[in-house]
Number of protein chains: 2
Amino acid sequence: MTSRPPRATISDVAKAAGTGKTSVSRYLNGEQQLLSPALKARIEQAISELNYRPSQMARSLKRGRTRLIGLIIADITNAYSVEVMCGIEAACRDYGFTLLMCNTNNEVALEQYYIQLLSSYQVEGLIINAVGMREEELNQLLQSRLPMTLIDRKIDNFECNVIGLKNHEAAQQLTRHLAGNGFKSLLFLSEPIASVNTRRERLEAFRQTVAEYPDICGENAEIRLNQPEKLGECLREFLRRHSPEHCAIIAANGSMTLEVVKALRAEGLECGKDIGLAGFDEMSWSALAGPGITTLKQPTHQIGYSALQSVISMIKQNDTAPADQFFSGELVVRGSSHPL
Amino acid sequence: MTSRPPRATISDVAKAAGTGKTSVSRYLNGEQQLLSPALKARIEQAISELNYRPSQMARSLKRGRTRLIGLIIADITNAYSVEVMCGIEAACRDYGFTLLMCNTNNEVALEQYYIQLLSSYQVEGLIINAVGMREEELNQLLQSRLPMTLIDRKIDNFECNVIGLKNHEAAQQLTRHLAGNGFKSLLFLSEPIASVNTRRERLEAFRQTVAEYPDICGENAEIRLNQPEKLGECLREFLRRHSPEHCAIIAANGSMTLEVVKALRAEGLECGKDIGLAGFDEMSWSALAGPGITTLKQPTHQIGYSALQSVISMIKQNDTAPADQFFSGELVVRGSSHPL
DNA sequence: CTGTTAGCGCATTCAA
DNA sequence: TTGAATGCGCTAACAG
């Protein structure tokens with residue numbers, strides 16, 4: 001029955017103010033100096049009476065700029081991603097952009113779907129936390145020449161601006177910290193390295209750092225999340241081969257840390273007491289699992305904010321790509337890595 | 001230098017296919033039966049050659065439907081919100097909508113800003129996890145008659161469809177569970193009730209349920225997050241006045257649960273051992289803080305999904321508002337509420 | 001200082 | 001079966 005009243009348009013305002021659309025448009029676009037006070041007042045009133053808001057849709061079509069930024073996140077369940085997103089969102093507000101947020105749920109097909117979708121909404125730039133992306137899709141993206149920034153992960157053979165963590169430095173910090181606390185047998189746990197550069201870089205830095213200590217032995221294992229049995233076995237086996245009182249684990253990201261803590265519980269082990277533990281990514285519960293988990297905290301908000309700035313700089317001058325940016329993490333020491 | 005190539009338009013395609021825009025438009029809109037196979041093939045080829053994608057902006061302007069849904073979340077850092085968002089996002093995909101996500105960071109000013117923004121992008125519907133919103137803004141919203149659904153919280157004096165939890169039932173489940181496990185002194189902890197209906201309902205149900213047990217004493221306190229000292233004092237005082245071995249706490253949401261766990265640690269108390277604990281909202285770490293936290297798990301995904309469906313049904317028939325929907329939670333029993 | 005005009009990319013009459 | 005013309009709401013020449 002009482003259907004929605006149609007939004008007022010610029011013509012409605014013009015009519016109500018007894019003027020033309022141009023003047024209203026001028027009023028809206030800050031060219032108010034060009035308007036006589038009288039007219040300005042009439043327009044002002046008409047706008048408020050009609051509760052008029054200009055349509056971004058029409059504006060975008062006309063100007064060819066949508067002020068829309070597309071964000072593709074691999075796993076929004078991940079706290080890291082959420083924090084980065086907050087940074088991006090804050091930057092959007094500061095720079096007058098709006099965020100179209102898409103969650104690919106770690107599915108390549110969705111990633112594909114969303115890239116198409118965002119592109120059809122004419123986003124001016126894209127921020128991507130990459131999951132899969134195969135050749136074909138990458139070429140489409142490259143071809144589109146849409147301003148684009150990757151977060152955290154690179155994509156192989158894909159020339160694109162990246163914002164993320166100083167992985168080498170971070171892994172080194174964690175490793176040295178454990179070494180300094182007397183741990184002699186270190187196990188670096190990550191999801192399958194595959195071609196994920198962050199995993200690879202962290203592992204490499206781990207190995208390299210371990211090599212600085214002649215008396216320390218460093219190993220690594222690749223385990224999928226959601227394979228608790230396998231993880232448990234891996235831990236057991238590791239402890240069997242080394243003196244448990246000198247063992248410590250480095251988890252390559254927050255999700256892995258969570259899995260490790262669960263697995264240790266399942267094995268009846270307590271980190272910080274029976275075995276050392278430190279992990280990438282600070283989480284809400286880091287302080288309260290067992291004796292507190294030592295973490296390497298990433299400047300997530302900063303990363304997100306910078307990613308948007310980077311995209312914007314590409315939007316402004318579409319010839320030059322801004323430099324990659326990598327930020328330092330902060331070691332947060334807690335009980336899990338205290339000497340046993 | 002090598003500036004971005006402009007997107008191909010429908011005219012480009014028409015030209016390339018040697019036809020008019022109308023036919024291309026028909027091709028795009030599933031009226032392919034009306035096209036001769038030959039023409040259809042030419043269009044097909046032109047589209048793929050030019051890598052053409054219709055502009056949603058132009059389409060929206062023309063059709064008066066943007067297929068955009070606005071989502072306003074009070075605190076995206078909150079795991080509950082994120083999960084609900086996942087549900088909404090999944091539903092959007094299923095129903096062919098796109099999500100414009102905004103995080104108000106619990107600031108009323110931002111809420112206001114974003115509602116304007118979303119409205120200017122002509123979203124067809126709004127899903128809101130309310131924070132503040134004052135009279136004035138509410139009236140604007142009501143006046144806009146935009147299809148709208150609230151999540152979790154209601155807004156006072158604001159007639160709007162709500163999707164959320166069966167708060168009464170849920171609080172009852174938690175309370176009865178603790179009572180059944182022999183706890184005699186129950187403390188219900190929430191952020192300031194103010195006019196937040198979920199807090200009020202949970203508290204009321206708690207009181208009502210406690211009243212069913214003659215030998216059980218139920219109290220409550222309202223404490224802001226980020227006031228750990230105050231919370232600590234509150235806990236100490238509660239334990240002083242009751243036999244600690246019969247004490248248990250109910251935290252009114254996930255954030256509060258986190259605070260309580262932290263506070264207990266600070267007091268040197270362990271939940272499940274020195275004091276009972278159960279809380280609303282399941283979180284990633286619920287299983288691994290201390291002996292595991294007993295929680296009332298909300299069907300978050302479901303809530304989000306239903307919220308979108310609800311909005312869509314309003315979009316379709318803008319006269320009738322769909323009914324509110326409240327879902328049951330699931331009690332997840334863990335060590336924190338075992339008999340001491 | 002102000003109004004008229006012409007599109008932005010598309011879907012939709014209407015006519016052929 | 002097809003295409004030309006119109007207009008969605010707005011901005012930006014271009015006149016006055």
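Residue numbers begin at 1 in each chain, while the letters A, B, ... track the order of the sequences. Hydrogens, waters and symmetry mates play no part in the numbers below; they use all other heavy atoms, side chains included.
Reading DNA chain D from its 5' end, the first and the last nucleotide to sit under 4.0 Å from a heavy atom of chain A are D/dG9 to D/dC14. Running 5' to 3' along DNA chain C, contacts with non-hydrogen atoms of chain B at under 4.0 Å begin and end at C/dG9 to C/dC14.
Interatomic distance, A/L61 CG to B/Q56 CD, rounded to the nearest 0.5 Å: 12.5 Å.
Heavy-atom minimum distance, A/R153 versus A/V162: O-CG1, 4.4 Å. Closest non-hydrogen pair, B/L126 versus B/L146, comes out as CD2-CD2, 4.0 Å. Listed here is the closest heavy atom pair of A/S23 and A/L35: O-CD1, 3.9 Å.
Both B/K62 and B/R42 lie close to DNA chain D; mapped to their nearest nucleotides by heavy-atom distance, the more 5′-ward contact belongs to B/R42. Comparing A/L39 and A/A58 by the nucleotide of DNA chain C that holds the closest heavy atom to each, the one mapping nearer the 5' end is A/L39.
Test B/I115, B/I69, B/L117, B/L100 against B/V123 for side-chain contact (heavy atoms from CB on, under 4.5 Å) and you get one pass: B/L100. If you run side-chain contact (heavy atoms from CB on, under 4.5 Å) between A/Y80 and each of A/I73, A/I151, A/L165, only A/I151 comes through.
Residues B/E89 and B/R93 are paired through a salt bridge, judged by an N-O separation under 4.0 Å between the basic side chain and the carboxylate.
When side chains are defined from C-beta on, B/F327 counts as touching B/I163, because their heavy atoms get closer than 4.5 Å. Between B/Y121 and B/L118 there is no side-chain heavy-atom pair separated by less than 4.5 Å. Within the 4.5 Å cutoff, the side chain of A/R67 has heavy atoms near those of the A/E124 side chain.
Residues from residues 10-27 of chain A lying near DNA chain D, meaning a heavy-atom separation below 4.0 Å, are A/I10, A/K21, A/T22, A/S25, A/R26 in numerical order.
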